[in-house]
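Reviewing the structure listed below.
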Amino acid sequence: MIPYFNHPARLALVVVALGTTAVAIAAIGNSDDSKGISPQDTPADTALIKRGAYLARAGDCMACHTREDASEDYGGGRPIDSPFGAIYATNITPDPKAGIGDYGEQDFAAALRQGIRADGSYLYPAMPYPAYASLNDDDVHALYVYFMQGVVPVAKPAPETSLSFPFNQRWGIRAWNWLFADEAPYTSLEQTTGTISPERHAQLDRGRYLVQGAGHCGSCHTPRGMFMQEKALNDQDGDDYLAGSELDGWQVPSLRGGDGSGLRNWKEQDLVDYLATGRSRHAATGGEMRSVIQHSTSHLNDEDLYSIAAYLTTLGASDKASHASGDVPASQATSDSKSSSARDATTHQLTAAISLDEGARLYLDNCNACHFANGAGADSVFPPLVGNAQATADNPKALISTMLYGAQLPSTPKRPERLQMPGFDWRLTDDEAASLASFVRQSWGNQASAVSPEQVAEVRRNHGPVDATQQGRPEYLRQHAPIPSSTPSSN
Amino acid sequence: MQLGPCNFCGFCSNYGCLNYSKATPQTCTLDALKQRSNFHYRTRCEVTRIVKSDTDDTVKGVLYYDAEGNEIFQPAGLVILASFPLSNVRLMLLSEIGQPYDPEQNTGVVGRNFSYQITGSMDLYFKEHQFNPFISAGGSGQVIDDFSPDTFDTASHGFIGGSYIYTTQGPGGAIGALRTPPGTPSWGSEWKKQIKAHYGHHMVLGTTGSNMSYRDVYLDLDPTYQDPHGDPLLRMTYDWKENDLRMTEFMAERMREIVTELKPEYHTESVKQRGDHFDPSSYQSTHLTGGAVMGTDPNTSVLNRYLQHWDAHNLFVMGASAFPQNMQHNPTGTVAALTYWSAKHIREQYLANPGPLMSRG
């Protein structure tokens, strides 16, 4: 008698591996992601809940409403830093006390699209309701059904947000909303007769709806004004829309086309690869975008990803693009033959490895094994440094941070491998890191400013010291998978 | 999953690969498994027993110590034992699953047919030729396969089996990859002087040969030595046999023919000869095989042809422990092929209808 065979879902498979020092356990049979679905739900409900779950992914609700340790989905409690203090994301599980279980669908829609809570008070615009205002009624309905029926209630309330005066006066947000938010529903892309097929129009419109609404890409990629408002909420609101910005010292690339754009050489397929996997032939994701890809875009279906990519490639250049550019700026971009000779010159210098300056020598000793003498890296594995948006951004913080503290790609359904770059903070002095960063920013045709040791020191100061046992490990691993400090004495 | 391009650093034989260029589980498998919602893994655990069920024709789980030293029973409907060959055999002996091999009575199966490999090498020094030992990869060698088992009439030369003859530049690790002339001290200024003079001027020829299984070569539980849990360690009873030494002497003659043609300034040999005994302090390869072999007769094998245990149909044992003989080549390819073969039959036949996949005949 083997009890576990009677119940296929509980059939456990145990694999004893690695010299008997590891045990792997798999339940045979696939589990369903929509864990709240109960057996009595009708197929129609199930489909609606699944659609709501998908839209919650598209809206990346998890990014703020789930704590980083991902212990309780949508239980809130994650602090979002604002210039005025931490804003805590709320518990949006269907728990009636701690969450939004007593919200009716109208309450839910008002919070989502207008930033108004069920009790009538105003949400801080850390919640992207100016973007979610574009969501149509069907999608809001699906999201409501999902959050009420497809999410496990969490009874623990999220911490209260308490900003300093005057920012604790939520009534003030009403005026901000009046000035900057737009409650108008989404209006479809105009069909220009004869230029594109109806299919292409539908695809572009779908991409536009996702970018402007659920995806709330503008929250980071559109520059903000004096009152922290996005300077444009959609492509009809001015060419500041998605024209690039800066977040915590990291350049947020412009998503608009044209010379100087972060996406200048990106084809639709490159964008799809990047959004689905965090890697493409042009870049490996880092900074805040890592979480967006991990929790949101990597879960979107191909049709939506191609729609988003198609739409983004239609956005024209912005007048302000150069301000947001991380790629080789148009004004400095040399002709193709000239830039290819600059690329060759660095490649030859590193290959010959004779009379190298400190930066070039440090590159060979620390970077060359993966990024190679030609700075081209390897497609979708090691990002190229030539024309790399972050490496050549006006603000070198992203480059310095990545060099010192490493990077790790998210594991996504299509590309599960969490490729890592180790951190070099333990082996480079401030002077060395500055020489190396300057070399990367001024080689192969890259033309960004030199980096000073003081800039490196500042990044180190803001980061704080690294525990000796964690040295060389990528930042993400240090935070999420620390090495146990000692080995227990079981053997 | 993705592999990074190899930069030929030459460290891959003895080290993990930082560049994601080597097909190891952490590069090619683990992150894909972790994407699955029905997969869990526990590290820093030590499995000490596979637990038999009361009916005796199945197992019901495993006992293990976790990292904190707690002893835990993990129930299971199916157990796949996939550790190193020696650990597979020891765990089955400790768990008393299958009859232990007795070489005197020639009964029992667990620990039977243990085999290894027999290797030899020659180091050639060329004053004029410059090799680049700092550029290398694990798979960058060249092999002569004309003397492999079953490729020629070995009986007329007095042995069965065979060997491949190879040359390679790896592994390129510091110190370990350095060659000095005979008589050079292993440290100090004279060693440094010789390293400078000889670095980049050596090439290696080597053989990796078959090893038959013998009645008096086997694995069992040690009567004296125990691990910290009080469980007996595994005991290996092993020595070289005349057939395999004759084979390797024949291969040394073939390598000498190559050396004669290449005309190095000098060469040194490390080749076993008749009368030599096995020396566990001298590394030659990790390719230990057998001890829990597959077969069609439960009286001479632990597993049936699907790697399913004859005595416990929900226990499957993967790895080179299933090899009845060691037929020279690196075992990884065969291990992978057998694992796919077994997994296919588990998936397509066993799960639908759990029970023995072969009758005991």
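All chains are named by letter (A, B, ...) in the order of the sequence lines, taking the proteins before the strands, and each is independently numbered beginning at 1.
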Checklist line | Proximity breakdown for B:Gln2 and chain A, heavy-atom pairs closer than 4.5 Å | finding: both

Considering only distance and modelled atom types, tabulate donor-acceptor pairs under 3.5 Å from the side chains of residues 331-342 of chain B, sequence neighbours left out.
{"unit_1": "B:Thr339", "atom_1": "OG1", "unit_2": "B:Val335", "atom_2": "O", "d": "2.7"}
{"unit_1": "B:Trp341", "atom_1": "NE1", "unit_2": "B:Arg305", "atom_2": "O", "d": "2.6"}
{"unit_1": "B:Ser342", "atom_1": "OG", "unit_2": "B:Tyr306", "atom_2": "O", "d": "2.9"}

Check: Just how far is it from atom CD of B:Gln26 to atom CD of A:Gln420, taken to the nearest 0.5 Å?
Finding: 10.0 Å

Margin query: Please rank A:Gly377, A:Ala378, A:Pro413 by heavy-atom pairs under 4.5 Å with chain B and give me the top one.
Written below: A:Pro413

Margin query: I need the minimum non-hydrogen distance between B:Gln35 and A:Pro416, along with the two atoms involved.
Written below: CG-CB, 3.7 Å

Notebook entry, point to check: How about B:Lys34: does its NZ atom have over 12 heavy atoms from other parts shown lying under 6.0 Å from it?
Noted result: yes

Check: Where is the tightest heavy-atom contact between A:Phe382 and B:Gly4, given as atom of each residue plus distance?
Finding: CE1-CA, 4.2 Å

Item checked: Part of A:Ser380 lying under 4.5 Å from any heavy atom of chain B -> both

Check: Roughly how far, to the nearest 0.5 Å, is the CG atom of B:Leu3 from the CD atom of A:Glu417?
Finding: 7.0 Å

Checklist line | A:Arg415 and B:Met1: CA distance, side-chain angles, deciding distance, side chain to side chain contact (heavy atoms under 4.5 Å, CB included) verdict | finding: CA-CA 6 Å; A:Arg415 290 288 194 202; B:Met1 303 301 282; over 6 Å; no

Please output the side-chain donor-acceptor pairs of residues 364-374 of chain A that fall under 3.5 Å, not counting sequence neighbours, one pair per line with the distance.
{"unit_1": "A:Asp365", "atom_1": "OD2", "unit_2": "A:Arg361", "atom_2": "NH1", "d": "3.2"}
{"unit_1": "A:Asn366", "atom_1": "OD1", "unit_2": "A:Arg427", "atom_2": "NE", "d": "3.1"}
{"unit_1": "A:Asn366", "atom_1": "OD1", "unit_2": "A:Arg427", "atom_2": "NH2", "d": "3.2"}
{"unit_1": "A:Asn366", "atom_1": "ND2", "unit_2": "A:Leu362", "atom_2": "O", "d": "2.9"}
{"unit_1": "A:Asn368", "atom_1": "OD1", "unit_2": "A:Ala373", "atom_2": "N", "d": "2.9"}
{"unit_1": "A:His371", "atom_1": "ND1", "unit_2": "A:Pro383", "atom_2": "O", "d": "2.9"}
{"unit_1": "A:Asn374", "atom_1": "OD1", "unit_2": "A:Ala376", "atom_2": "N", "d": "3.0"}

Margin query: Other residues, nucleotides and ligands only: do more than 12 of their heavy atoms fall within 6.0 Å of CD on B:Glu96?
Written below: no

Notebook entry, point to check: Checking B:Ser21 against chain A: side chain, backbone, both or neither under 4.5 Å from a heavy atom?
Noted result: neither

